[in-house]
Structures are given as structure tokens and as C-alpha cells.
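Because the structure is predicted, anything quoted here is derived from the model rather than measured. A, B, ... follow the sequence lines: proteins, then strands. Residue 1 opens every chain.
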Amino acid sequence: MLDPKLIRDNPEKIREMLRLRNIDFPLDEFIKSDKERRELIIKTDELRKTKNQISIEIAKKKKSNEDASSIIKQMQTISQELQKLEEIQLKTEDNYKKLSLTLPNLIHESVPAGKDETANKEIRKSGNTPTFDFKILDHIDLTQNLGLVDLERAAKVSGARFYYLKNQLVRLNQALLQFALDFLTEKNYTPIQTPYMINRNAMEGAIIARDFEDVIYKVEGEDLYLIGTSEHAIASMYEDEIIEGKSLPLRYAGVSPCFRKEAGAHGRDQKGIFRVHQFEKVEQFVFSTPEESWNEHEKMLHNVEEFYQKLGIPYRIMLLSSGDMGKVSAKTYDLEAWMAGQNSYREVASCSNCLDFQARRLKIRFRNRTDEQPQYLHTLNSTLVATTRTMVAILENFQTKDGHVSIPKAIQKYIGSSTI
RNA sequence: GCGGGGGUCGCCUAGCCUGGUAGGGCGUGGGAUUGCUAAUCCCAUGUCCGCAAGGACCCGUGGGUUCAAAUCCCACUCCCCGCGCCA
């Protein structure tokens, strides 16, 4: 949600944002409904004012045992009038709210303009891509040969894009989670394991409702949705609260499974465990003051980079273009890891500053003193590790001539072995 | 799942039976005063509309009754206690 005052005073800025994001939005209708809404508030407030005054008079008369019947009649008509007006106001307010919840976030000036991923900008590369003196395999063949994944039976039981992890890959999955958690704990992040299902209100706070269908699973017969990332559950945890300024920034290391429909991804990454409906993730989530949020954003990016460096996985950092970026984000970096089996860099982490967009939807504010006007804080989120994709990178980049995989030094102690 | 008790403006609490402008304490900030510390007193401290003056809203949520609802009625929700079930 954006600041209504900004939209009112600066509609051209919003129009430009919509153009850059390549999004259809009835901005003029929205501005009109905001105006209507405010006019109605003034009208109903005035009527309520007279109603309150008369109510006091009735109370006075009753107290002194005077006859109040004529004045009560007056109240009756006012009450009826007010009821009608309130109905109209509710409708306008509803319309306004619905639209305001679908309006995407502002775009930071450093974001390259462009309609899709072809406009993304490479910021830097790190690490040398590995060279091999033998014919390499992709992660699908590797996991098959080593008995690490069973896709056929998963398809039988759950459908496409599900998997059974087996043997050492189960341990690798756990090792990455444990390593990631240790890594962030050392940086003073608070570990947090969230609910895996949250209600609609909470979900709407974190993402835009229209995106539900493509991304989020709904639990039948309940007001519950499976989280697509712990970000959804962490963002909403402080809903409707005022946080003490001195406790900011709040840095969380969220641990959770992630559930995603991956609708509309037909044909892409059909095989293997690269694009799946379910995986585990350690997520960085930060509640920050507006002044510090851009610094925090860079820090989070630095953390993911350091993590991948420790694993020894080559990567490049991409700054997403206006058209490729998610709607709640004002600026997003992707970390793309080198995947030898595919001979390309592939997205494994995403680092976003949402400014006050989520905070407004969730009414999360902060203030330094209690006599101070509370203001919306900023929220940021970044993957630290999403296990399945990182495992793909490890499998493909660290494969050996004998068909096995060596395990990065940093996580050997969690697995208790140096090869798979 | 059943029975009982509860949810009040940051925190604690009064008001609910008997409907008529939501009161007090704590905390926090500002000010006054006292030679310092302490104490005391005053003001501020939820949301929305408004340039402002001012006004409206706010008692878990949503309905209902009524001229009028924190208060009465109904439904839902969350918390606490007991029972049941259970990894």
C-alpha cells in the first residue's frame, strides 16, 4: 500500500511507476474514489456531529424529567439518514481499499527500466566457474545415479514437481539449513521458525491478493494458506503494533518450508528438483527505520554473497529491471549461482527492499517516544539459502570424475563426510 | 471437542448488573517549581477527515435491539482454567 497523500499530490509519479512495471491499473478511477471517499467522510462526520449534540440534549432532558418526545423524533430521522449515508460511504471505502491493495510499490531510482528479465543489469561476478576434464552430468542424472532423489514415486503420490530426497541428499539439505542458521546467528539475527499456514489477512499484508492464485496454496474449508516463504509469516507477526524505535532494526533468520504452486511455469525446468512445489529455506527478514533501510538492503545482499562464497559456489548479482521485479518490492537483487550442468547462472536467492509497502498494509509502525507520531517502518527480505536450488548447484559444480560429488568444506562437519 | 471465566485508547485497571460525552494508575516525552538529588504540579501520549479552526471514530470482530450501546441480545474469534483426545 502506498501513502494516499503521495498518490493525491503526485499522481504522475504513480503513473510512471505503473508504466515502468508494465501494469494496467485504473489510476484515474482510484483517484476519483479517494476524492469521493473523503467527501463522504466529511458529510457523515457532520451528520454524526448533530446526532451527538441531540443525544446529549435528550440525556439532559431525561435527567431533569422534561418531555423529550419531539426531540427524539428528530433523532429518529437523523439516524435513518445517517444509516443511508453510511451504507454509501462503506461501498466507496470498500472500492477504494480494494484498489489500494492492488496498487504495486514505488520503484527505486537505481532500478533499470525494462519490461522483463532481458533488462536486468549484472552488478558483479564472483568466483571462477569450474572446469572439468571429463563429461559432466546435470543434477538430474547425478541424483538418479547416486540414488538421491525419487521423482517417479513422488509423481505417483503427489504429482509433478514433488520429490523424495534420499540418503546423503537428506543430510545435505539439513546441513545447508544448519549452516545457514549458524551463519546468521553469528550476525546477531534472531532465529525464528514460523507458522506454515497463515490466514488471508496476514497473507494479504505480505503479498498482493491477485497473486494468490498463481503462487499460494489454500487449505480447503479453512481461512488458512500455506506460506510461500517465511517472509509472509514474519512480516505479518507485528501486524497492528507500534514498535519501540530503539529496538530497530529487528533482524530475523526465518526457517520454514516453502510451498509454491508454480502455476504458469509449464515446460520450464520440468525435470529434477530445480523448480518444485516445496522446499526449505532460511530467510533474512529485517524491520528497519526508513533512514537505514537502504543500508540494511546492501547488508543483506552482502550476507548472501558471503554465504555463497563460503560454499565456494560462483555467482553473479543481478539488479532486476522494473518489469521483472515483484510488485511489493522497490528494488530487488537476485543472486544467480553457477550451475555447471546447465552451463549457466540460475536464480537461487532474491533480496528486496519493500520500503513501507508491507508495513502500511499491516499497520506496523514505530516511534522513539510515546508522545511522538508513530510512523511506518520499512521491511526487507532476502533468501539466505533455498535448499533445493543450492543443492543443484553443489551437485553440478562439485561432481567428480568417478560420478560422485565432493561436499564444500564449510558444511562437511554438518554431514560428517566429504563426499556423496 | 465439552464446560467455565475473560479481551477497555503503549502496559495495568474502573465502568457493564441498572444504556445517556470511557475515568484512574504506571510508563514515556515536554514544561513549571524547589540551591543539587528527590518530591510535587501542569500538559502531551490510538485512527481518520481537515491548510487550520474543528470534528468524527475507537472498549477483540461482525451483526441486532434502541432516539441512544463499552454496557442488552446473537454469531464468530483469540486468551486463561478444568475435562476429553493426542505426537
Side-chain angles (χ1 to χ4, degrees), chain A residues 1-10 30-101 193-205 219 221-225 233 236-248 250 257 287 289 356 358-377:
Chain A
M1 202 183 287
L2 298 177
D3 185 354
K5 282 208 180 78
L6 179 82
I7 301 167
R8 236 173 271 155
D9 300 341
N10 229 328
F30 181 60
I31 291 169
K32 200 177 133 213
S33 92
D34 177 44
K35 196 170 169 231
E36 271 173 19
R37 171 186 150 263
R38 283 181 298 140
E39 282 166 2
L40 277 165
I41 286 173
I42 293 169
K43 257 197 210 168
T44 44
D45 274 7
E46 259 164 29
L47 201 56
R48 285 203 190 100
K49 183 182 169 183
T50 39
K51 191 187 147 184
N52 287 344
Q53 285 169 341
I54 293 172
S55 185
I56 290 165
E57 272 179 61
I58 292 173
K60 267 187 200 158
K61 290 205 170 176
K62 289 255 174 174
K63 248 180 204 160
S64 57
N65 279 323
E66 281 176 68
D67 174 48
S69 56
S70 75
I71 203 167
I72 282 176
K73 229 172 211 161
Q74 205 184 330
M75 265 291 263
Q76 278 167 334
T77 43
I78 287 180
S79 283
Q80 278 168 14
E81 222 176 299
L82 186 61
Q83 212 175 355
K84 274 186 218 157
L85 207 56
E86 274 173 344
E87 263 171 53
I88 299 168
Q89 199 209 331
L90 212 72
K91 257 192 204 158
T92 335
E93 197 78 42
D94 240 40
N95 186 35
Y96 171 81
K97 233 190 193 155
K98 259 188 210 144
L99 283 174
S100 82
L101 283 173
Q193 198 167 339
T194 70
Y196 303 156
M197 293 176 249
I198 62 178
N199 62 34
R200 186 179 179 93
N201 181 58
M203 195 59 94
E204 259 182 346
V219 178
E222 307 272 347
D223 178 24
L224 287 172
Y225 298 81
S236 46
M237 73 190 264
Y238 286 108
E239 174 172 14
D240 223 353
E241 293 192 32
I242 298 170
I243 294 171
E244 261 186 79
K246 65 174 181 232
S247 65
L248 296 177
L250 289 166
F287 297 92
T289 59
D356 62 1
Q358 290 177 321
R360 277 182 187 277
R361 299 173 146 242
L362 290 160
K363 298 187 276 300
I364 309 174
R365 289 161 300 163
F366 77 98
R367 65 178 163 205
N368 295 309
R369 303 194 316 257
T370 50
D371 65 329
E372 203 177 76
Q373 189 75 259
Q375 56 172 319
Y376 291 105
L377 47 72

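Using a cutoff of 4.0 Å between basic side-chain nitrogens and carboxylate oxygens, A:Arg48 and A:Glu86 are scored as salt-bridged. A:Arg37 and A:Asp34 are joined by a salt bridge, as a carboxylate oxygen and a charged side-chain nitrogen come within less than 4.0 angstrom of each other.
Regarding A:Glu239, its CD atom lies at a distance of 14 Å from the C1' atom of B:C78, rounded to whole Å. The distance from atom CE of A:Met1 to atom C1' of B:C48 is 14 Å, rounded to the nearest whole Å.
Here A:Lys62 lies in heavy-atom contact (under 4.0 Å) with a base. Counting non-hydrogen atoms under 4.0 angstrom, A:Arg8 reaches the backbone sugars and phosphates but no base.
Of the candidate nucleotides B:G46, B:C67, B:A68, B:A68 has the atom nearest to the side chain of A:Lys51. For A:Arg365, whose side chain is taken as the heavy atoms from C-beta onward, the closest listed nucleotide among B:C57, B:U47, B:G55 is B:U47. The nucleotide whose nearest atom lies closest to any side-chain atom of A:Ile41 is, among B:C49, B:C67, B:A56, B:C49. If you check B:A56, B:G46, B:G20 against the side chain of A:Ser55, the one that comes closest is B:G20. Of the candidate nucleotides B:C67, B:G10, B:C57, B:C57 has the atom lying nearest to any side-chain atom of A:Arg48. The side chain of A:Lys49 lies closest to B:A56, out of B:G20, B:U47, B:A56. For A:Ile42, the listed nucleotide lying nearest its side chain is B:C49; candidates were B:G20, B:C49, B:G46.
For the residue pair A:Asn95 and A:Glu36, no side-chain donor N or O sits within less than 3.5 Å of a side-chain acceptor on the partner.
Under the Watson-Crick or G-U wobble criterion, with both distances below 3.5 Å, B:U40 is paired with B:A32. The pairing partner recorded for B:U18 is none, the criterion being a Watson-Crick or G-U wobble arrangement whose two distances lie under 3.5 angstrom. Base pairing of B:C2: its partner is B:G82, meeting the Watson-Crick or G-U wobble criterion (both donor-acceptor distances under 3.5 Å).
A heavy atom closer than 4.0 Å to some atom of RNA chain B occurs in A:Met75, A:Gln76, A:Ser79, these being the qualifying members of residues 74-96 of chain A.
Annotation: B:G62 and B:A69 have their P atoms spaced 15 Å apart (nearest Å). Comparing B:G19 with B:C67, their P atoms sit 15 Å apart, to the nearest whole Å.
Ring planes of A:Phe287 and A:Tyr238: perpendicular class, angle over 60° (limits at 30 and 60°).
Within the structure, ring pair (Phe, Tyr, Trp, His ring centres under 6.0 Å) contacts touching residues 60-91 of chain A (residues at least two apart or in different chains) do not occur.
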